[in-house]
Number of protein chains: 2
Amino acid sequence: MPAAEPAPTGVRARARIEVRAAILAAAAKRVAGDGAADLSLRAVARDVGMVSSAVYRYFDSRDALLTALIIEAYDSLGDFVEEQVESTRGRPAAERWVDAALAVRRWALEHPNDYALIYGTPIPGYAAPDDTVASGTRASRALIGIVRETDRLDPIVSHHIEPVLAESFVALRKELGLDVDDATTLAVITAWSQLFGLLTFELFGQTRNFVSDDEALFRAAATSMAASIGLPMT
Amino acid sequence: MPAAEPAPTGVRARARIEVRAAILAAAAKRVAGDGAADLSLRAVARDVGMVSSAVYRYFDSRDALLTALIIEAYDSLGDFVEEQVESTRGRPAAERWVDAALAVRRWALEHPNDYALIYGTPIPGYAAPDDTVASGTRASRALIGIVRETDRLDPIVSHHIEPVLAESFVALRKELGLDVDDATTLAVITAWSQLFGLLTFELFGQTRNFVSDDEALFRAAATSMAASIGLPMT
DNA sequence: GTCTATAACGAGATAGAC
DNA sequence: GTCTATCTCGTTATAGAC
């Protein structure tokens, strides 16, 4: 699990990695079908052709298996968004934001079960350990990177912000390496929640009764997010 | 389920209603503990002290029971928000919006399992019938009612909106009895998705690593939503 | 040392006979 | 309706194979 070592090349190690991947793949398939709450170590073991106790050589517990699945999903999304953000470096910030948002959406549509796993209802009886945090923030950090790399933001309307909130913003900006004012910080957070809120609505079926073209709506929303943050269009 | 009749007053009918309520309460408790995916008619029956076959006299299937639970949750939220919106009639629209948004949040915090049931990951193998739509849109309609009852909206920045999207907005506005332009329509939709997006993040644990005061953040976000829609502050 | 299989536990749900 | 046998679950102890 640490993966800290430089990955030994022996046959033993190779086999281990492959079996681990096979277990994860089978578990992902199970989650896709029955939902994460029902994930059973035994069923996964059966699918891979091993005995349940053997799985414990690879994962300490059912929760550890779930955690690995969650981290894998976060990293898949993180890879995808980071790559997208990087590939648009130099382009106007507003465009970059919209493209990155669309990338998040594309990933979510291609991996609906992974999306549900990480952004859906928490699994009863499962508490995510801190291991997930690093991977879990990659997509958000990539999006915020666009703001960070923008020299001069357009002016935006600023609202009054409570002192408690302003204080927490200071810590947050430090964490993210952001150098913007409180209004922009709030705009970034609301844009972020809007992006995933809209996506959650779409994927979980909340929009299907009145939205005919989800992508068009999402693109329009992303554009308005970029403007609300003050990302320049040129 | 229909509840269309004027509720007969006989003893028989009373008993039936009470048993129904007892079953629903037990089912809700189960959902709260194990998650909706695991809901088993038998378990619910046992909790209420009857045999599984008897439950079928009250609910046609497990899915019908789930549907009843979902409708109940939607109506609980709908009642709460509608009452809140009504009680602030006459006050400045921006204030009304913020108060209504806070009402949604309060309800969600008090009924986290109901919230997860209706806005969380879809239950594997369960398809919501159209019966849920009427109740499911009540909260949104109540929020939008604030916009509808506002005589003169403040001007907002307008973005370009794709023709496909503009066309779907026409139908949506007609459905909602709204008389606003495309930019405001988009602003309402993005505000709506932002509201529930932020709430979903909070309830599902996505904010707990960097937000210290969720209510303050939510209030600030709601205020900026009201402004983005152009709801006047006075 | 590393892995897998057998067997078993206690808990919980389920199915069927009565 | 009840009781009972049977199943699955997560997890561990143990013993043998590479």
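A note on names: the letters A, B, ... follow the listed sequences, proteins ahead of strands, and every chain is numbered from 1.
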Fill in: Between D/dG10 (C1') and A/Ile23 (CD1): distance, integer Å
15 Å
Discussion item. Which nucleotide wins on minimum distance to the side chain of A/Arg62, given the candidates C/dC3, D/dA13, D/dT11?
Written reply: D/dT11
Worksheet item: Which residues satisfy the salt bridge (Lys or Arg N to Asp or Glu O under 4.0 Å) test with A/Asp75, sequence neighbours excluded?
Response: A/Arg138
Worksheet item: Residues in salt bridge (Lys or Arg N to Asp or Glu O under 4.0 Å) with A/Glu149, at least two apart?
Response: A/Arg89, A/Arg96
Worksheet entry | Length of the line joining A/Asp60:CG and D/dG10:P, which is rounded to integer Å | 15 Å
Item to complete: Identify whether any heavy atom of A/Leu39 sits under 4.0 Å from a base atom; if not, whether one sits that close to sugar-phosphate; answer base, sugar-phosphate or nothing.
Response: sugar-phosphate
Worksheet item: Within this structure, what is the CZ-to-P distance between A/Arg57 and C/dT2, rounded to whole angstrom?
Response: 8 Å
Discussion item. Looking at D/dT12, I'd like to know if its phosphate oxygens (OP1 or OP2) sit under 4.0 Å from a side-chain N or O belonging to A/Tyr56.
Written reply: no
Worksheet entry | Per-nucleotide pairing state of DNA chain D [Watson-Crick or G-U, under 3.5 Å; [ ] pseudoknot-crossing; | other strand] | ||||||||.|||||||||
Discussion item. Just to be sure I understand the rule, does A/Ser52 reach a base, reach only the sugar-phosphate, or reach nothing, if contact means heavy atoms closer than 4.0 Å?
Written reply: base
Worksheet item: Taking the side chain of A/Arg16 as heavy atoms from C-beta outward, which of C/dT4, C/dC3, D/dG10 is closest to it?
Response: C/dC3
Response to the item:
Taken in chain and number order and not counting sequence neighbours, the residues that satisfy ring-ring contact (aromatic ring centres under 6.0 Å, His included) with B/Phe210 are A/Trp192
Worksheet item: Which residue lies toward the 5' end of DNA chain D, A/Ser53 or B/Met50, if each is placed at its nearest nucleotide?
Response: B/Met50
Worksheet item: Are B/Arg106 and B/Glu110 close enough for a salt bridge, meaning some N to O gap below 4.0 Å?
Response: no
Worksheet item: Over how many whole Å does the gap from A/Arg20 atom CZ to C/dT2 atom P extend?
Response: 16 Å
Discussion item. If I take atom CZ in residue A/Phe59 and atom P in nucleotide D/dT12, what distance separates them, rounded to the nearest angstrom?
Written reply: 16 Å
Discussion item. Nearest to the side chain of A/Leu41, heavy atoms from C-beta on, is which of C/dT4, D/dG10, D/dA13?
Written reply: D/dG10
List the atom pairs, with distances to 0.1 Å, where a side-chain N or O of residues 62-70 of chain A and a protein N or O form a donor-acceptor pair under 3.5 Å, not counting sequence neighbours.
unit_1	atom_1	unit_2	atom_2	d
A/Arg62	NH1	A/Leu39	O	2.7
A/Thr67	OG1	A/Asp63	O	2.8
A/Thr67	OG1	A/Tyr126	OH	2.6

Worksheet item: Pairs in or reaching into residues 31-43 of chain A: which pass salt bridge (Lys or Arg N to Asp or Glu O under 4.0 Å), with residues at least two apart or in two chains?
Response: A/Arg30-A/Asp34
Discussion item. Generate the contact string for nucleotides 12-18 of chain C. Rules: B means base contact, S means sugar-phosphate contact only, - means no protein heavy atom under 4.0 Å.
Written reply: -SSB---
Fill in: Listed once per pair and sorted, the salt bridge (Lys or Arg N to Asp or Glu O under 4.0 Å) pairs that draw on residues 200-211 of chain A, sequence neighbours left out
A/Arg105-A/Glu202
Item to complete: Answer yes when A/Asp214 and A/Arg219 have at least one side-chain N-carboxylate O distance shorter than 4.0 Å, and no when they do not.
Response: no
Worksheet entry | ring-ring contact (aromatic ring centres under 6.0 Å, His included) partners for A/Tyr115, two or more places apart | A/Tyr119
